[in-house]
Amino acid sequence: MFKKVLIANRGEIALRVQRTCKELGIATVCVYSEADRNSKYVKLADEAICIGPAEADQSYLNPVAVIAAAEVSEAEAIHPGYGFLSENADFAEKVEASGFVFIGPRPETIRVMGDKVEAKAKAKEVGLTMVPSFNIDREAKFEETAKAAAKLGYPMMVKAAAGGGGRGMRIIHTESMLRNSIGLLAQECERAFGDGTLYAEKLLSDARHVEVQILADAAGNVIHLGTRDCSVQRRHQKLIEEAPATNIPAKKLARIGEQSVEACRKVGYLGAGTIEYLYDGSSFYFIEMNTRIQVEHPVTEMVTGVDIVEQQLRIAAGEELAIRQRDVAFEGHALECRINAEDPVSFLPSPGTVTAYHPAGGYGVRVDSHAFVNCEIPHHYDSLVGKVIVHGATRPEAIRRMQRALGECVFTGIKTNIALHQRILENSSFRRESVGIDFMDSMK
Ligand code: ADP
């Protein structure tokens, strides 16, 4: 096992990774921007190195600064967390070329999966079912695109090959809308992601977002840790996640688990990863693969008892998976609410100083948060201030426990979306059964 690991991230995930490192006796080096100088994860790390100003492109997104910090601290491996450089294949390559272990898949896997057009082609090749789609060739005459669109049928979702985080996608209802949108969206994506490549996908209205957690080691052992349902979303960004996905026949669940494992085996996947699908009540359609730890990983940990960060570290250190598929058992139901520093009505970010903070506690409750009294929530980064995760014997019990836990949570000085979560938890459709990705639209 590694003696020292550098965590190239901030906030709750920097703390999350650090916690497992400590339990495994691994010394931790954290990097931070000037805006995060007084953060909890900085104070708790064995070593902390300032890598630049608040602006992410000059600190957390700067590969040179991160690798220099690894060199200075003599860390052996770099854990990228999620976001920032975690899905940057060039960074992973540089990390390895500099003599460190990148805690994640091989750079070429990240490269293929990071381009959604390439990822779809690969997923199709390894036997997964695709959402019907066509690639938009902007060099071709619009008539060609219109023809392909008519064949696919409206409404459709035009997406950026390089998109992520719910950005770079637009629902298109008509041919004239398609004509007017392509150029603008391509330009937007060129600016945001440095790549204006677009494709169109059939819009799967009110399908469910169901994903499969994968672990794969260097010896070729691949297992899955079951499913998560992340259908409660706002603007294509997840708000509440659950494990396991309910209301899906056991046979189908077993099949999608096996297919996901098989797909990862075929692409030579390494480490922890997630294959995301849209489920329309009968089939699972591949939408993308995330080649990193995900925000919602704790719900899987709660129902399987497997520490996914620990598995990432062990796999990166060259250990073989000690868990076989038959050892993976699922117990009860887990829910996670993402607590964002934002206005619960206008959704505008609400950065500032947390003046009082009381996390939830008690039986079956886990809070992953970097918050403390007087901590600063900077406006430079995303607004996640913590995650409340609960485990119950059943889904109704987990919902009741989450309502109780959120009722205990206090943040003052900043606004949070806790009230929005409470509204969702009270919603009869949400309580009765699994909801679709359009659920939040119908809640207004
Ligand atoms: P990102 O990489 O930005 O997270 P994804 O491809 O994972 O983008 O999609 C995010 C969300 O967007 C999905 O969970 C779903 O709600 C919605 N979405 C994506 N593709 C489709 C589609 N073809 N039809 C309907 N909704 C979709």
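All values below come from the heavy atoms of this structure, side chains included, with hydrogens, waters and symmetry mates left out. Note that the numbering runs from 1 along the sequence shown for the chain.
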Are the side chains of Leu420 and Leu239 in touch, meaning some heavy atoms are under 4.5 Å apart? yes
Give the minimum heavy-atom separation between Ile275 and Cys264, together with the two atoms involved. CD1-SG, 3.9 Å
Is it true that a side-chain atom of Ser369 and a backbone atom of Val385 form a donor plus acceptor pair closer than 3.5 Å? yes
Quick one: does any side-chain atom of Thr291 pair with a main-chain N or O of Pro105 as donor and acceptor, under 3.5 Å? no
So, are Glu342 and Lys415 salt-bridged, with charged N and O less than 4.0 Å apart? no
Neighbour count >12 (heavy atoms, 6.0 Å) for atom CD, Glu331: no
For salt bridge (Lys or Arg N to Asp or Glu O under 4.0 Å), just list the numbers for Glu258 and Arg255, CA-CA rounded to whole Å, side-chain angles, deciding distance to a tenth of an Å, and then say yes or no. CA-CA 5 Å; Glu258 282 161 21; Arg255 183 89 194 97; 3.7 Å; yes
Taking every heavy atom of Val66 against every heavy atom of Ser59, the minimum-distance pair comes out as CG2-O, 4.2 Å
Any chance the side chains of Ser86 and Asn88 put a donor and an acceptor closer than 3.5 Å? no
Which residues pass the side-chain hydrogen bond (donor to acceptor under 3.5 Å, both in side chains) test with Thr227, sequence neighbours left out? none
Could you tell me whether the side chain of Arg366 reaches within less than 4.5 Å of the side chain of Pro298, counting heavy atoms only? yes
Quick one, Glu87 and Asn290 - any side-chain contact, counting heavy atoms below 4.5 Å? yes
Would you tell me whether Asn221 and Glu320 have side-chain atoms, one donor and one acceptor, within less than 3.5 Å of each other? yes
At their closest point, which heavy atom of Pro107 faces which heavy atom of Glu96, and how far apart are they? CD-OE1, 3.7 Å
So, do Gln311 and Leu313 sit near enough that their side-chain heavy atoms are less than 4.5 Å apart? no
Heavy-atom closest pair, residues Ile414 and Val354: CD1-CG2, 3.9 Å
Would you mind reporting whether Ile214 and Ile223 have side-chain heavy atoms less than 4.5 Å apart? no
State whether Glu336 and Lys238 are salt-bridged, where the test is any N-O pair (Lys NZ or Arg NE/NH1/NH2 against Asp/Glu carboxylate O) under 4.0 Å. no
Whether the His333 and Glu242 side chains hold a donor-acceptor pair (N or O, under 3.5 Å, no angle test) is what I'd like checked. yes
Are the aromatic rings of Tyr381 and Tyr60 close, with centres under 6.0 Å apart? yes
Check: Asp280 side chain, Ser283 main-chain N or O, donor-acceptor pair, under 3.5 Å: yes
Working note: Lys22 + Ile26, criterion side-chain contact (heavy atoms from CB on, under 4.5 Å); need CA distance, chi angles, decisive distance, verdict. CA-CA 6 Å; Lys22 286 203 171 148; Ile26 302 169; over 6 Å; no
Verify side chain to side chain donor-acceptor pair (under 3.5 Å) between Asp343 and Ser350, making sure each step is shown before the conclusion. CA-CA 6 Å; Asp343 187 292; Ser350 175; over 6 Å; no
Using a strict cut-off of less than 4.0 Å between a Lys/Arg side-chain nitrogen and an Asp/Glu carboxylate oxygen, indicate whether Arg314 and Glu310 qualify as a salt bridge. yes
Side chains of Thr129 and Tyr277: is there a donor and an acceptor less than 3.5 Å apart? no
Under 3.5 Å, is there a donor-acceptor pair between the Asp307 and Thr20 side chains? yes
Please check: side-chain N/O of Thr394 versus main-chain N/O of Glu397, any donor-acceptor pairing under 3.5 Å? yes
Residues 3-14 vs side chain to side chain donor-acceptor pair (under 3.5 Å), sequence neighbours excluded, gives Lys4-Glu47, Arg10-Asp36, Glu12-Tyr82, Glu12-Lys387
Carboxylate-amine/guanidinium proximity below 4.0 Å for Glu262 and Arg265: yes
Does a side-chain N-to-carboxylate-O contact under 4.0 Å join Lys122 and Glu125? yes
Taking only residues two or more places apart in sequence or in another chain, which ones pass side-chain hydrogen bond (donor to acceptor under 3.5 Å, both in side chains) with Thr416? none
Classify the ring geometry between Phe430 and Phe439 as parallel (under 30°), tilted (30 to 60°) or perpendicular (over 60°). tilted
Of Gln213, Glu276, His297, which meets side-chain hydrogen bond (donor to acceptor under 3.5 Å, both in side chains) against Arg228? Gln213
Side-chain (Asp195) to main-chain (Ala162) donor-acceptor, under 3.5 angstrom: no
Using 4.0 Å as the upper bound for N to carboxylate O, is an ion pair formed by Arg19 and Glu23? no
Side-chain donor-acceptor contact under 3.5 Å, Asp229 with Ser434: no
For Ser282, does its backbone N or O pair with a side-chain atom of Lys252 as donor and acceptor, under 3.5 Å? yes
Indicate yes or no for a side-chain donor-acceptor contact from Ser98 to the backbone of Phe100 under 3.5 Å, with no hydrogens or angles considered. no
Closest approach of Cys337 and Leu406, non-hydrogen atoms and distance? SG-CD1, 4.1 Å
Salt bridge check, Glu301 against Arg16: does any charged N sit closer than 4.0 Å to a carboxylate O? yes
Does Arg432 have more than 12 heavy atoms from other residues, nucleotides or ligands lying within 6.0 Å of its CZ? yes
Side-chain donor/acceptor of Asn417 to backbone N/O of Arg338, under 3.5 Å: yes
Check the pair His380, Glu55 against side chain to side chain donor-acceptor pair (under 3.5 Å), reporting the backbone distance first and the verdict last. CA-CA 6 Å; His380 305 87; Glu55 290 72 25; 4.5 Å; no
Think Arg234 forms a cation-pi with Phe347, using NZ or CZ under 6.0 Å from the six-ring centre and within 45 degrees of its axis? yes
Check this for me: Glu74, atom CD, are more than 12 non-hydrogen atoms of other residues, nucleotides or ligands nearer than 6.0 Å? no
Distance-only, no hydrogens or angles: does the Asp115 side chain make a donor-acceptor pair with backbone N or O of Glu118 under 3.5 Å? yes
Checking side chain to side chain donor-acceptor pair (under 3.5 Å) for the pair Thr274/Gln294: CA distance, chi angles, key distance, verdict? CA-CA 8 Å; Thr274 301; Gln294 284 190 295; 2.6 Å; yes
Give a yes or no on whether a salt bridge exists between Lys120 and Glu201, defined as a side-chain N under 4.0 angstrom from a carboxylate O. yes
Answer whether the closest heavy-atom distance between the side chains of Ile389 and Val365 falls below 4.5 Å. no
Which pair of non-hydrogen atoms, one from Ala160 and one from Cys189, has the smallest distance, and what is that distance? CB-SG, 3.4 Å
Counting heavy atoms not belonging to Lys124, are there more than 12 under 6.0 Å from its NZ? no
Under the 3.5 angstrom rule, does the side chain of Gln18 hit a backbone N or O of Tyr41 as a donor-acceptor pair? yes
